[in-house]
Amino acid sequence: MPFTLATWNINSVRLREGLVARLMSEEAPDVLCLQECKSPVEKIPLEQFASLGYGHIVARGQKGYNGVAILSRQPLTEVAAHDFAALGHARHVAARLENGVVIHNFYVPAGGDIPDREKNEKFGQKLDYLTQMRDHFIAEKPQRAILVGDLNIAPREDDVWNHKQLLKIVSHTPIEVDHLAAVQEAGDWVDVTRADIPEGPLFSWWSYRSPDWQNADKGRRLDHVWATSDIAGVAHSSRVLRDARGWDQPSDHAPVFATFDL
DNA sequence: ATGGTGGTGCCACCA
């Protein structure tokens with residue numbers, strides 16, 4: 001049975017409950033992974049989502065910051081929720097579908113403004129978070145697994161609007177790209193979005209500070225869909241729902257989709 | 001420069 005998955009940094013699930021409902025109604029992914037819910041789990045509007053067919057959830061939350069949730073039309077079993085780098089943040093949760101596929105939902109730390117761990121503690125925490133992700137996937141080799149989320153790194157030249165101009169900007173620095181590549185290698189993860197759409201600019205985030213974001217198009221691809229190599233071959237129909245960035249009171253991220261014939 | 005949250009009433013912190 002094919003299933004479609006979407007990942008979306010929602011930037012407050014309570015403020016944007018209506019946008020989540022719209023995505024559920026209009027696009028109807030089987031599984032919807034959210035990041036930056038900015039809400040304790042008990043305050044997520046679950047009844048509204050259940051009424052739209054998303055009766056299953058696993059989540060980690062905290063007041064005001066971070067927060068990740070997996071909403072599903074089919075049953076889920078929570079299998080993990082790691083606090084990499086011991087930040088005390090709700091940045092990861094993982095669940096298993098009935099077909100055995102495990103879905104990891106991540107919100108990787110943004111890392112602050114200065115790409116130097118001596119001058120900016122947050123940048124060090126981001127690198128440490130990625131290192132511990134790598135070590136985890138070395139210790140526990142994932143199989144039949146999908147990893148999605150806001151990884152806060154745009155790894156490729158065509159994942160940003162201007163490669164040269166962003167080389168010293170957090171999210172596109174070589175050291176972050178190297179750390180992300182190490183995570184990918186450790187888990188034998190395939191970048192499903194880029195396997196599907198190999199060439200050309202592809203963005204999932206446009207700053208709120210960018211006026212005329214649509215025409216200026218100064219975006220970055222921060223949101224990712226990966227799969228282990230044993231199932232990556234059955235993925236297809238990847239896309240970014242750019243329209244959602246233009247909805248009323250939008251998130252600064254657009255949802256990213258993929259379908260798996262499993 | 002824009003926007004969300006939370007604790008107080010505009011400001012700090014985060015992205």
Side-chain angles (χ1 to χ4, degrees), chain A residues 7-23 33-45 59-69 83-92 105-117 119-130 133 148-155 159-162 165-166 168-173 175-177 179-180 203-224 240 242-256:
Chain A
T7 179
W8 196 10
N9 178 318
I10 192 61
N11 189 16
S12 175
V13 71
R14 293 163 70 193
L15 187 72
R16 295 191 228 284
E17 174 183 348
L19 297 192
V20 175
R22 179 170 175 183
L23 189 85
C33 297
L34 299 175
Q35 304 86 33
E36 272 206 279
C37 298
K38 293 188 172 177
S39 172
V41 175
E42 62 271 20
K43 290 195 174 179
I44 296 174
R60 282 292 185 276
Q62 60 186 94
K63 193 164 72 172
Y65 303 102
N66 310 313
V68 286
D83 178 23
F84 293 126
L87 301 173
H89 296 173
R91 296 185 177 275
H92 171 256
N105 184 15
F106 278 100
Y107 175 48
V108 171
D113 287 332
I114 303 167
D116 179 346
R117 71 186 309 155
K119 296 176 184 161
N120 168 21
E121 183 185 32
K122 289 197 175 72
F123 193 72
Q125 290 172 349
K126 181 178 197 174
L127 299 181
D128 292 347
Y129 193 94
L130 292 160
M133 280 175 74
V148 304
D150 178 2
L151 305 185
N152 265 315
I153 296 170
D159 290 339
V160 294
W161 65 277
N162 186 318
Q165 210 161 321
L166 288 172
K168 293 181 177 176
I169 301 297
V170 172
S171 74
H172 193 60
T173 64
I175 191 169
E176 291 170 87
V177 172
H179 277 63
L180 189 67
F203 310 141
S204 65
W205 174 86
W206 296 261
S207 173
Y208 284 126
R209 298 185 213 188
S210 175
D212 195 20
W213 69 271
Q214 190 122 226
N215 289 310
D217 203 18
K218 294 183 173 180
R220 306 178 200 168
R221 188 171 71 104
L222 303 180
D223 302 276
H224 298 265
V240 176
R242 190 181 166 116
D243 281 0
R245 180 61 178 78
W247 291 352
D248 281 345
Q249 276 207 301
S251 167
D252 46 354
H253 294 252
V256 181

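In the text below, chain A, chain B and the rest are named by the order of the sequence lines, each starting its count at 1.
- For the C1' atom pair drawn from B:dT8 and B:dC13, the interatomic distance equals 15 Å after rounding to whole Å.
- A:E176 and A:S171 form no side-chain donor-acceptor contact under 3.5 Å, judged by distance and modelled atom types alone.
- Distance CG (A:N120) to P (B:dC14): 10 Å, rounded to an integer number of Å.
- Residues meeting the salt bridge (Lys or Arg N to Asp or Glu O under 4.0 Å) test with A:R220, sequence neighbours left out: none.
- What separates CG of A:N9 from P of B:dT2 is a distance of 20 Å, to the nearest Å.
- Whole-Å rounding puts the A:L222 CG to B:dA15 P distance at 13 Å.
- In this structure, A:S204 contributes its side chain and A:L222 its backbone to a donor-acceptor pair below 3.5 Å.
- Separating the CD atom of A:Q35 from the P atom of B:dG4 is a distance of 18 Å, rounded to the nearest angstrom.
- Without hydrogens or angle criteria, A:D252 side chain to A:W205 main chain gives no donor-acceptor distance under 3.5 Å.
- Residue order along DNA chain B, read from the 5' end via each residue's closest nucleotide, puts A:S207 first among A:S207 and A:G111.
- Counting any heavy atom pair closer than 4.0 Å across all strands shown, A:R91 reaches sugar-phosphate atoms only and no base atom.
- In this structure, A:Y107 atom OH and B:dG4 atom P are separated by 14 Å, rounded to whole Å.
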Pair assignment for DNA chain B - dot-bracket with | for other-strand partners, Watson-Crick or G-U under 3.5 Å
.(((((....)))))

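- Close to B:dG4, at under 4.0 Å from its OP1 or OP2, lies a side-chain N or O of A:Q249.
- Shown here are the salt bridge (Lys or Arg N to Asp or Glu O under 4.0 Å) partners of A:R117, two or more places apart in sequence or in another chain: A:D128.
- Proximity of a side-chain donor or acceptor of A:N120 to a complementary backbone N or O of A:G111 within less than 3.5 Å is detected.
- Distance NE2 (A:H172) to P (B:dA15): 21 Å, rounded to an integer number of Å.
- In this structure a side-chain-to-backbone donor-acceptor pair under 3.5 Å is missing from A:K126 to A:V170.
- In this structure A:Y65 satisfies the ring-ring contact (aromatic ring centres under 6.0 Å, His included) test with no other residue, sequence neighbours excluded.
- Shown here for A:S251 and A:I10, the closest heavy-atom pair between the two residues is CB-O, 3.7 Å.
- As a whole-Å value, the separation of A:D248 CG from B:dG3 P is 13 Å.
- With respect to A:R242 and A:D217, a salt bridge is recorded, a charged nitrogen being found less than 4.0 Å from a carboxylate O.
- Across all non-hydrogen atoms, the minimal contact from A:R16 to A:Q249 is NH1-O, 2.7 Å.
- Across B:dG7 and B:dA1, the matching P atoms stand 27 Å from one another, rounded to whole Å.
- Using modelled atom types and a 3.5 Å distance limit, the side chains of A:Y208 and A:N11 yield a donor-acceptor pair.
- Regarding A:L87, its CG atom lies at a distance of 12 Å from the P atom of B:dC14, rounded to whole Å.
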Could you go through nucleotides 7-13 of chain B and list every protein N or O atom that sits under 3.5 Å from one of its N or O atoms, giving the distance for each pair?
residue, atom, partner, partner atom, Å
B:dG7, OP1, A:K63, NZ, 3.0

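- For DNA chain B, the neighbouring residues in residues 11-19 of chain A, judged by any heavy atom under 4.0 Å, are A:N11, A:S12, A:L15, A:R16.
- Spacing between B:dG3 and B:dC10 at atom C1', rounded to whole Å, works out to 16 Å.
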